[in-house]
Trainee: 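Take this structure first; my questions come after.
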Amino acid sequence: MDPIADMLTRIRNSAMAGHEKMVCPSSKVKKGIVSILEREGFIANWQEVNSSGKRKGTVLKSIEVSLRYDEDHKSILRGLKRVSKPSRRFYVAANEIPRVRNGLGIAILTTNKGLLTDKEARDASVGGEVLCYIW
């Protein structure tokens, strides 16, 4: 199973259901993705919390994401799409970075300079693996 696709699906389902918060298991890449989502204004905030595991005394780290809605209680996040999958990776060069929804959305790339949005990657002239599109 793909953990990044699982996180994006949880965010999408929570936004469609109108939930205030969403919780998923933590990882370094997931923390990078939600920090970009917060910086770009798609989510309100996020934090890493400790939760108890199945065995007594084990502690697991989880990410708790607070979703954003407009005044009509419609989600700010209109869509999420996983692009590069474990079965088929999608790499682009610096001059081939795609524009999402004609610049209204963002693409998140993993590069040798860390996780970047499509605009940041174009400005830094680096390519990489396109993880997802968000609009």
Side-chain angles (χ1 to χ4, degrees):
M1 192 168 153
D2 182 12
I4 296 171
D6 177 58
M7 181 188 74
L8 294 175
T9 300
R10 287 180 190 217
I11 291 173
R12 182 185 313 112
N13 290 344
S14 298
M16 286 173 44
H19 294 190
E20 277 188 36
K21 296 186 180 203
M22 181 279 308
V23 177
C24 70
S26 179
S27 77
K28 191 175 180 180
V29 174
K30 290 179 189 178
K31 287 189 280 188
I33 291 172
V34 294
S35 67
I36 288 175
L37 290 177
E38 181 182 23
R39 188 174 67 227
E40 295 292 323
F42 288 107
I43 61 173
N45 60 14
W46 68 277
Q47 64 182 357
E48 191 171 39
V49 295
N50 292 332
S51 58
S52 59
K54 289 185 178 180
R55 293 188 183 144
K56 187 176 180 182
T58 59
V59 176
L60 301 173
K61 295 198 179 223
S62 298
I63 297 173
E64 187 178 275
V65 177
S66 298
L67 302 171
R68 280 187 66 198
Y69 296 95
D70 61 8
E71 57 275 350
D72 296 329
H73 201 65
K74 290 187 179 181
S75 176
I76 299 294
L77 259 166
R78 302 290 187 221
L80 299 154
K81 182 181 178 188
R82 177 77 158 118
V83 177
S84 185
K85 302 172 184 173
S87 60
R88 179 155 170 88
R89 301 289 183 183
F90 184 65
Y91 296 98
V92 293
N95 58 352
E96 300 171 343
I97 297 173
R99 293 193 187 277
V100 181
R101 300 280 170 142
N102 231 2
L104 296 176
I106 62 169
I108 298 179
L109 288 84
T110 178
T111 67
N112 58 354
K113 295 187 178 190
L115 286 176
L116 301 174
T117 64
D118 54 347
K119 183 179 183 316
E120 295 168 343
R122 264 188 231 99
D123 292 343
S125 295
V126 293
E129 182 182 356
V130 180
L131 294 179
C132 59
Y133 296 151
I134 298 162
W135 64 93

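Just so it is clear, the values below take in all heavy atoms, side chains as well, and ignore hydrogens, waters and symmetry mates.
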Trainee: Is it the case that the side chain of S14 and the backbone of I11 share a donor-acceptor pair, with hydrogens and angles ignored and the cut-off at 3.5 Å?
Mentor: no

Trainee: Examine V126 and L115 and state if one hydrophobic cluster contains both, with Ile, Leu, Val, Met, Phe, Trp and Tyr joined whenever side-chain heavy atoms are less than 4.5 Å apart.
Mentor: no

Trainee: Between N50 and K61, is there a side-chain heavy-atom distance shorter than 4.5 Å?
Mentor: yes

Trainee: Could you tell me whether the side chain of R68 and the main chain of G41 form a donor-acceptor pair under 3.5 Å?
Mentor: yes

Trainee: First locate atom SG of C132, then atom CD1 of I106, and finally report the distance between them rounded to the nearest 0.5 Å.
Mentor: 7.0 Å

Trainee: By the salt bridge (charged side-chain N to carboxylate O under 4.0 Å, His left out) test, which pairs, at least two apart or in different chains, include something from residues 27-43?
Mentor: K31-E48, R39-E120

Trainee: Mind checking what makes salt bridge (Lys or Arg N to Asp or Glu O under 4.0 Å) contact with R88, not counting sequence neighbours?
Mentor: none

Trainee: Could you check if a side-chain atom of R82 sits within less than 4.5 angstrom of a side-chain atom of L131, using non-hydrogen atoms only?
Mentor: yes

Trainee: Taking a hydrophobic cluster as the set of Ile, Leu, Val, Met, Phe, Trp and Tyr residues connected by side-chain heavy atoms closer than 4.5 Å, whether directly or through intermediates, do Y133 and L80 fall within one such cluster?
Mentor: no

Trainee: Taking atom CG of L109 and atom CG of N112, what is their separation to the nearest 0.5 Å?
Mentor: 11.0 Å

Trainee: Determine, using the 4.5 Å side-chain heavy-atom cutoff (strictly less than), whether V92 and V83 are members of one ILVMFWY cluster.
Mentor: yes

Trainee: Does T111 use its side chain to pair, donor to acceptor, with the backbone of G114 at less than 3.5 Å?
Mentor: yes

Trainee: In the single-linkage hydrophobic clustering (I, L, V, M, F, W, Y; side-chain heavy atoms under 4.5 Å), do I36 and L116 co-cluster?
Mentor: no

Trainee: Looking at N102, I want to see if its CG is surrounded by more than 12 non-hydrogen atoms of other residues, nucleotides or ligands under 6.0 Å.
Mentor: no

Trainee: Spell out, yes or no, whether I97 and I33 are grouped together once hydrophobic residues are joined by side-chain heavy atoms under 4.5 Å, including indirect joins.
Mentor: no

Trainee: Is a side-chain donor or acceptor of D70 paired with a backbone partner of D72 at a separation under 3.5 angstrom?
Mentor: yes

Trainee: Side chain of Y69, backbone of H19: donor and acceptor closer than 3.5 Å?
Mentor: yes

Trainee: Measure the CE-CG distance between M7 and L37 for me, rounded to the nearest 0.5 Å.
Mentor: 6.5 Å

Trainee: With rounding to the nearest 0.5 Å, note down the distance linking OG1 in T117 to CG in D123.
Mentor: 8.0 Å

Trainee: Hey, does the side chain of R89 reach the backbone of E129 with a donor-acceptor pair shorter than 3.5 angstrom?
Mentor: no

Trainee: Does R122 reach the main-chain N or O of A94 with its side chain, forming a donor-acceptor pair under 3.5 Å?
Mentor: no

